[in-house]
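Okay, so here's the structure we're looking at.
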Amino acid sequence: MAELYALIDCNNFYASCERVFDPRLEGRPIIVLSNNDGCVVARSNEAKAVGVAMGVPAFKIRDLIEANDVQVFSSNYTLYGDMSRRVMESLSQFTPEVEIYSIDEAFLDVSGFVGRDLTEYGRTIRRSIRQWTGIPVSVGIGETKTLAKIANKTAKRTPGSEGVVNLAGSADRDEILSQIAVEDVWGVGPGYTRALEAKGIKNARQLRDTDERWIKKRMGVVGLRTVLELRGQSCLPLELGRPTRQGMTVSRLFGHPITDVEELKEAVATYLSTAGEKLRKENLAVGVVTIFLMRDRFKEIHYTQAATVELPVATNDTRELIRHGLREVGSMFSPGREYKKGGVILSDLVRADEVQGHLFYEMDRDRSRRLMRGIDRVNSRLGAETVKFAAAGVNPKWKVKACRRSRRYTTRWDELAVVRA
DNA sequence: TCTGGGGTCCTAGGACCC
DNA sequence: TCTGGGGTCCTAGGACCC
């Protein structure tokens with residue numbers, strides 16, 4: 001049976017989430033900023049229209065914001081995560097074959113719908129998601145994931161498409177591929193774009209028709225897969241069920257540069273607490289912990305330091321993570337230096353219930369498990385950080401900036417939307 | 001003053017083994 | 001004079017994704 005994929009992609013997801021709970025934002029330019037209110041990570045169509053570029057630092061577009069009355073939001077990942085869950089649950093009403101690809105995208109296997117009017121089916125999905133969650137989505141359909149991606153992009157930029165494009169068996173296929181710049185093809189980043197353009201390959205159609213051997217040599221098997229996918233040969237199957245993760249990172253820019261070792265330790269202890277919570281939520285334990293500290297990367301050449309600890313026994317106990325992590329912070333810190341960012345990388349993850357014990361390592365595993373579970377329960381009921389470790393500091397000064405965060409409408413009782421009738 | 005965060009996969013090269 | 005040919009594992013770096 002011929003394969004067919006549909007890619008459902010939320011339009012301007014973060015900006016759309018903000019709009020769901022504040023209808024006054026309808027029709028107005030909105031942008032959402034990254035952590036620490038640094039760069040633009042999402043824009044409504046109106047914001048794109050007035051010339052806000054993706055990824056620009058907020059301070060560089062102050063005038064643009066002012067002149068166009070752009071509504072600015074700090075990112076509110078609690079809200080976006082919950083809205084994402086609602087969209088994905090809604091999609092699973094249509095078919096169980098759903099691969100959640102990212103916070104705002106999902107691939108559906110629609111091979112079984114051959115013969116039906118897929119464009120019409122796409123419109124039904126689109127209407128339903130809008131009605132059930134308030135989020136506008138676009139739908140792209142093709143014989144491979146890469147083609148579905150292109151169809152989706154085409155749907156977004158073609159007003160007449162009503163948000164759905166089906167490339168499978170489309171007579172306009174070559175024309176549509178010619179309209180997609182090579183850098184917009186899924187799997188082609190800045191590095192490959194440079195190489196391809198130097199060879200005169202500028203759009204998806206030309207890339208599709210490029211000699212396989214050249215591609216293999218220049219872009220490896222990954223590039224080759226992309227080309228085959230453009231030709232309609234599916235190389236990337238739907239991935240159902242989440243793969244076991246390889247590692248975990250928690251890192252943040254500090255709200256201001258840190259020069260004091262105690263503050264630095266508080267920050268790292270906080271990141272370790274977050275990491276511990278994530279580990280326990282996924283029933284994982286960690287064997288290797290890396291702590292890294294960064295100074296100003298725009299001013300210094302050697303701006304990063306890192307230290308790695310191998311734990312005697314894999315753990316997810318926040319106390320242990322903090323104890324090992326802070327020792328490394330202490331030995332890396334040099335007085336007089338300004339630190340701008342820090343983080344923790346956990347690798348060698350194993351399932352928590354399959355941890356290999358250590359003969360000479362005395363620690364009451366059961367007691368640890370009960371304590372951590374207690375802390376997690378309190379925090380999930382009464383709000384994050386209701387119970388926290390003293391090492392993480394009380395009311396820390398280094399916390400990230402988020403001056404314009406909207407309410408966490410769907411996950412906090414004290415931040416519900418208010419409706420006046 | 002102000003520049004995000006969290007991932008995955010592939011490749012090349014070296015060490016080591018038989 | 002001569003000095004194989006695989007495997008495997010690890011690591012660093014580079015490419016990409018959202």
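Bear in mind the structure is a predicted one, so any value in this text is a computation, not a measurement. By convention in this document, chain letters (A, B, ...) are assigned in the order of the sequence lines, proteins followed by strands, and residues within each chain are numbered from 1.
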Distance below 4.0 Å between [X] side-chain N/O and [N] OP1 or OP2:
X: Arg245(A); N: dG6(B); answer: no
X: Lys401(A); N: dG4(B); answer: no
X: Arg225(A); N: dC9(B); answer: no
X: Lys149(A); N: dC16(C); answer: no
X: Thr249(A); N: dG5(B); answer: no

Find the distance Leu349(A):CG to dG7(B):C1' and express it as a whole number of Å. 12 Å
Rounding to a whole Å, what distance do you find between Met219(A):CE and dC17(C):C1'? 14 Å
Same-atom distance (C1') from dC16(B) to dG4(C), integer angstrom: 16 Å
Heavy atoms only, 4.0 Å cut-off, all strands: where does [X] land among base, sugar-phosphate and nothing?
X: Val56(A); answer: nothing
X: Val32(A); answer: nothing
X: Arg297(A); answer: sugar-phosphate
X: Lys341(A); answer: sugar-phosphate

Hey, is the main chain of Lys202(A) close enough, under 3.5 Å, to the side chain of Gln206(A) for a donor-acceptor pair? yes
Val185(A) versus Ala204(A), closest heavy-atom pair with distance: CG2-CB, 3.8 Å
Where do Phe107(A) and Trp186(A) land on the ring-ring contact (aromatic ring centres under 6.0 Å, His included) test, with the steps shown first? CA-CA 14 Å; Phe107(A) 286 102; Trp186(A) 194 39; 5.7 Å; yes
What nucleotide, of dC17(C), dC10(B), dC16(C), holds the atom closest to the side chain of Tyr192(A)? dC16(C)
Walking DNA chain B from its 5' end, the first of Tyr14(A) and Gln246(A) to be reached, judged by nearest nucleotide, is Tyr14(A)
If you find the nucleotide of DNA chain B closest to Pro257(A) and the one closest to Ser251(A), which residue's nucleotide is nearer the 5' end? Pro257(A)
Evaluate ring-ring contact (aromatic ring centres under 6.0 Å, His included) for Trp398(A) paired with Tyr339(A), printing each intermediate quantity in order. CA-CA 11 Å; Trp398(A) 49 267; Tyr339(A) 295 89; over 10 Å; no
Let's test this: given Watson-Crick or G-U wobble pairing with both distances under 3.5 Å, identify the partner of dA12(B). dT11(C)
Going by ring centres under 5.5 Å and near-parallel planes (under 30°), is Phe298(A) stacked on dT3(B)? yes
